[in-house]
Novice: 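Okay, handing you the structure first.
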There are 4 protein chains.
Amino acid sequence: MSTPGDVLDDEATPISPATGRPLTKRGEATRRRLLEAAEEVFAEQGYHEASIVKITERAGIGLGTFYLYFDSKQSIFEALVIDLNRRVRHSMSEAMEGAASRLDAERAGFAGFFRFTAQHPALYRVVREAEFVSPEVLRLHYSRIVEGYEAGLRSAQQTGDVDRRLDPAVAAWALMGMGELIGMRFLLWERDADGVPPAELDPAVFDAMAMFIDNALAPRHDQEGGRS
Amino acid sequence: MSTPGDVLDDEATPISPATGRPLTKRGEATRRRLLEAAEEVFAEQGYHEASIVKITERAGIGLGTFYLYFDSKQSIFEALVIDLNRRVRHSMSEAMEGAASRLDAERAGFAGFFRFTAQHPALYRVVREAEFVSPEVLRLHYSRIVEGYEAGLRSAQQTGDVDRRLDPAVAAWALMGMGELIGMRFLLWERDADGVPPAELDPAVFDAMAMFIDNALAPRHDQEGGRS
Amino acid sequence: MSTPGDVLDDEATPISPATGRPLTKRGEATRRRLLEAAEEVFAEQGYHEASIVKITERAGIGLGTFYLYFDSKQSIFEALVIDLNRRVRHSMSEAMEGAASRLDAERAGFAGFFRFTAQHPALYRVVREAEFVSPEVLRLHYSRIVEGYEAGLRSAQQTGDVDRRLDPAVAAWALMGMGELIGMRFLLWERDADGVPPAELDPAVFDAMAMFIDNALAPRHDQEGGRS
Amino acid sequence: MSTPGDVLDDEATPISPATGRPLTKRGEATRRRLLEAAEEVFAEQGYHEASIVKITERAGIGLGTFYLYFDSKQSIFEALVIDLNRRVRHSMSEAMEGAASRLDAERAGFAGFFRFTAQHPALYRVVREAEFVSPEVLRLHYSRIVEGYEAGLRSAQQTGDVDRRLDPAVAAWALMGMGELIGMRFLLWERDADGVPPAELDPAVFDAMAMFIDNALAPRHDQEGGRS
DNA sequence: AATGAATGAGAATTCATTCAT
DNA sequence: GATGAATGAATTCTCATTCAT
């Protein structure tokens, strides 16, 4: 019905889907309240349990008003995923700033990712649910993150920090997948005795993972020129 | 009402949830037809688009009959995920049989996983969707696979085939995550010019991934005893 | 669909609705078990909550077997009401035996009615529910009881024990109604501190009612020949 | 989920169960149409045969709209019984106004009750069915009527119009029961040759009943101080 | 005589979306 | 801009009854 394209140009000035005109200041505030409410409701209840009524009630606005700002439930969900993607990437790149080496940067990037996930555990579930709600948006989400990874790996290969024989695209997707499942297993599933989720990834797990990554990426002097 | 526990003892003789008695031969056949139909419908339409009407129509049985065999849509979904888990693991262990070394076995396991995914692309989506439908069942699915991985890594560490400094649990989850995302990106998303999904994982991708894994797991003679 | 007439000739040898032939000894036993089970289930759950499955399970027989003995859920319900009617009337006439006077007999009849109600509180609900399930059977139930009342009043008027100016039919229905509502209010609704229903009607209530009835029925010497 | 309590405060401004807010004028009109339609449908078909589809069709509104005003079929039924209770009592107290004596008032009250029943024969069935749908509401219905009766009897005992030895509560329930069954037998069941229900209670029956009541209530000068 | 698998009409209920105010 | 009443397609689930074994 509505294509995700509507919403993927995420930096553009928001326009009303009803009038096609840019929003007034009051309108922008309402839109923001809707997005914030949607974030909470989707995070707490998941896509299918969430409803427009719940979102508008949480936002404190009238039900009908919703459709002045978004085409559909799917479209606000997509806008939200786009927004989360920006925030995750921001958390990651912030963490990577000033890293001494590529491998350090890699570790720092993961740390940023895990920090975001730990701080918004339910929210990250929203992103994963996009696979079943709006696959295109999920692709976009993954692709944007992988893009950065891949570029980093590629330049690190040139400086010799990363094993030149690796395929940067495949390696980037592999790293992304590792982060996802480690995050799911050791952050989202983990609860202490009182049922409280951890505030951050267990450092031992993080170190174990960092070593795994180091191994995978670092040039191997013992095998240089080796295998097919 | 129904807990996933009902369905997790996957080898037990199936019993009717309506009467609590074991199924007759005729009943077992009907149950099987329902599961097969559910597999198709869930794969094609996803959990929420699927409906019991669609499933029973596909199975060619009456709507009410469904409830003689399953409590709800969720319960047949869970039974299906359990069944898929068994089949994925079978595909993996079959592929690993007779591997010469641990690293070979690892590669072979991935190959088995990718083969299954390539042959049932939509089906694997079903498993992933379980995260949002029946999280306990998804945990079980992942845990069962990881369990095997972890045991394999642990014994390979003893023989020295795998870097002893790695944490086998973390490594196992990392490998699992890699497989998932590589499979998603290079199998489920991939289409040729005619929109046909690939029959198998692109060998170049597979090799690239194999090298990544080898790097990650193999003992590093140049750093032996090295880092924190 | 099925008319209550099927079942109203309550003393006839029961015949199978399926074959139209009289039941064998084994068949009669099964029929009796069904009726007993139905009595319990209807009493506990009411007509609409009760189901054939529940009845046959309680009776310990197969579901399909039910239809060898009764046409429908309604028809077993009707059979049950007929049966209860017989038992209530038996309880009443037993109590009335050997009463010294008509007014004594009247009181005794009520006592018999209340005793039955107190002993089978839920069961008497079944009879009342017949108004909404099978009105003809309820009419029959009431009419049969009223018939006896009316005859008793009529003959007592001849002996002068009961005010000759009263219309025996109207008086009989009035008495019936009194019994019903007093029974409902002071037996079915009453619970002690532990939620236990009373084992019998509170004697004070019974006496108060008896005086009301005495007043209503006894000839009034002070007004004899009086009012319109 | 919904307790009958929701609906028992019958004079309160109606609020939407969906939003919890008071109704707009338009909303109140819709609610009234629903109640009127429900009255007809319940009266014609009984509680279990009635359905929300039938009610909304009769009301000429959309199916989903029903749930903006009532939680469930049971809840509109309860609202209806409450409403009928108010109307019956109104009919009774109107008839009793200006009665010369207590016994006259008693007769007049019954006349009012029978008039209402005669004018809405099917409707009174609705009230009786409440016993099996929502027992609390039925209790409330009876209790409210009996309350008035009892107070009237008590004060008439003080003036000496009613036999002081009677228990007013028991007498009130007895009178209520008489009215119910006389009404059922001589109004609801009665049909003339063309199957038309009577427009009012047969005066002969009414007089017979009035005499019964007079007898029951009037002080007996011949026995004053008499029995146990 | 007994069984229980199969059936499908029908019920209640939800919720994204529209539109008149 | 904002509102919330109205809508109805779609969904899940129940259960009296049938019928082949």
Side-chain angles (χ1 to χ4, degrees), chain A residues 1 16 18-19 21 23-24 26-27 29-30 48-57 61-74, chain B residues 1 16 18-19 21 23-31 48-54 56 61-74, chain C residues 1 16 18-19 21 23-24 26-27 29-30 48-56 61-74, chain D residues 16 18-19 21 23-31 48-54 56 61-74:
Chain A
M1 225 128 287
S16 156
T19 66
R21 275 177 305 176
L23 299 173
T24 64
R26 183 181 175 196
T30 306
H48 287 95
E49 280 303 299
S51 73
I52 308 290
V53 172
K54 287 172 185 166
I55 292 171
T56 52
E57 266 173 6
I61 65 167
L63 168 57
T65 310
F66 176 89
Y67 289 90
L68 297 180
Y69 295 94
F70 296 95
D71 280 342
S72 62
K73 183 176 162 183
Q74 178 163 335
Chain B
M1 211 130 291
S16 156
T19 67
R21 270 179 294 191
L23 297 177
T24 63
K25 197 159 294 178
R26 186 186 178 191
E28 275 194 72
T30 305
R31 190 185 132 98
H48 285 95
E49 279 305 299
S51 75
I52 293 174
V53 172
K54 286 173 185 167
T56 52
I61 65 169
L63 169 56
T65 309
F66 177 90
Y67 291 92
L68 297 179
Y69 297 94
F70 298 96
D71 280 340
S72 60
K73 186 165 85 157
Q74 177 163 338
Chain C
M1 227 126 286
S16 155
T19 67
R21 276 177 305 176
L23 298 174
T24 64
R26 184 183 175 194
T30 306
H48 286 94
E49 280 303 298
S51 74
I52 308 289
V53 171
K54 287 172 184 166
I55 292 171
T56 51
I61 65 167
L63 168 58
T65 310
F66 177 90
Y67 290 91
L68 297 179
Y69 296 93
F70 297 95
D71 280 342
S72 62
K73 183 176 162 182
Q74 179 165 334
Chain D
S16 156
T19 68
R21 269 178 297 189
L23 297 177
T24 63
K25 197 160 293 178
R26 186 185 177 192
E28 274 194 74
T30 305
R31 191 185 130 98
H48 285 95
E49 280 304 300
S51 76
I52 293 173
V53 173
K54 286 173 184 167
T56 51
I61 65 168
L63 169 55
T65 309
F66 177 91
Y67 291 93
L68 297 178
Y69 297 94
F70 298 96
D71 280 341
S72 61
K73 185 165 86 159
Q74 177 164 337

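Here is how names work: the chains are called A, B, and so on, in the same order as the sequence lines, proteins then strands, and each is numbered from 1. Quick note: numbers below take in every heavy atom, side chains included, and nothing from hydrogens, waters or symmetry partners.
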Novice: Looking at CD1 of B:Ile52 and CZ of B:Phe70, how far apart are the two atoms once the value is rounded to the nearest 0.5 Å?
Specialist: 10.5 Å
Novice: Taking all non-hydrogen atoms of both residues into account, name the closest pair between B:Lys73 and B:His48 and its distance.
Specialist: NZ-O, 3.7 Å
Novice: Just how far, in rounded Å, is P of F:dA9 from CD of B:Glu49?
Specialist: 17 Å
Novice: Closest-nucleotide mapping onto DNA chain E: is D:Val53 or B:Ile61 further toward the 5' terminus? I mean the 5' end.
Specialist: B:Ile61
Novice: Which part of the nucleic acid, if any, lies within reach of C:Ala50 when heavy atoms closer than 4.0 Å are counted: base, sugar-phosphate only, or nothing?
Specialist: sugar-phosphate
Novice: CD of A:Gln74 versus P of E:dC15: gap in Å, rounded?
Specialist: 17 Å
Novice: So, does A:Lys73 get its side chain near the phosphate of E:dT17, meaning an N or O under 4.0 Å from OP1 or OP2?
Specialist: no
Novice: Can you tell me how far P of E:dA16 sits from CD1 of A:Ile55, to the nearest Å?
Specialist: 8 Å
Novice: Start at the 5' end of DNA chain E and walk down; is the nucleotide closest to D:Ile52 or to C:Leu63 reached first?
Specialist: C:Leu63
Novice: What is the distance, rounded to the nearest whole Å, between atom NZ of D:Lys54 and atom C1' of E:dG10?
Specialist: 10 Å
Novice: From C-beta outward on D:Leu68, which listed nucleotide comes closest to its side chain: F:dA5, E:dA2, F:dA2?
Specialist: F:dA5
Novice: Answer yes or no: does a side-chain N or O of A:Arg26 lie under 4.0 Å from OP1 or OP2 of F:dA2?
Specialist: yes
Novice: Find the distance B:Phe66:CZ to E:dA6:P and express it as a whole number of Å.
Specialist: 14 Å
Novice: Tell me whether the OP1 or OP2 atom of F:dA2 has a side-chain N or O from A:Thr30 closer than 4.0 Å.
Specialist: yes
Novice: Starting from C1' on F:dT11, measure out to NE2 on B:His48 and report it in whole angstrom.
Specialist: 12 Å
Novice: At 4.0 Å (heavy atoms only), tell me whether A:Thr65 reaches a base, stays on the sugar-phosphate, or touches nothing.
Specialist: base
Novice: Dot-bracket, 5' to 3', for DNA chain F please: Watson-Crick or G-U pairs under 3.5 Å, [ ] where pairs cross earlier ones, | where the partner sits on another strand, dots elsewhere.
Specialist: .||||||||||||||||||||
Novice: Could you pull out the closest heavy-atom pair between B:Glu49 and B:Lys54, with the gap in Å?
Specialist: O-NZ, 2.8 Å
Novice: Can you figure out which of F:dC15, E:dA2, F:dT17 approaches the side chain of C:Ser51 most closely?
Specialist: F:dC15
Novice: Atom CZ of D:Phe70 to atom C1' of E:dT13: distance rounded to whole Å?
Specialist: 16 Å
Novice: For F:dA2, does either OP1 or OP2 sit under 4.0 Å from a side-chain N or O belonging to A:Tyr69?
Specialist: yes
Novice: How long is the line joining OH of B:Tyr67 and P of F:dC13, in whole Å?
Specialist: 4 Å
Novice: So how far is it from C:Ile55 CD1 to C:Phe66 CZ, rounded to the nearest 0.5 Å?
Specialist: 5.5 Å
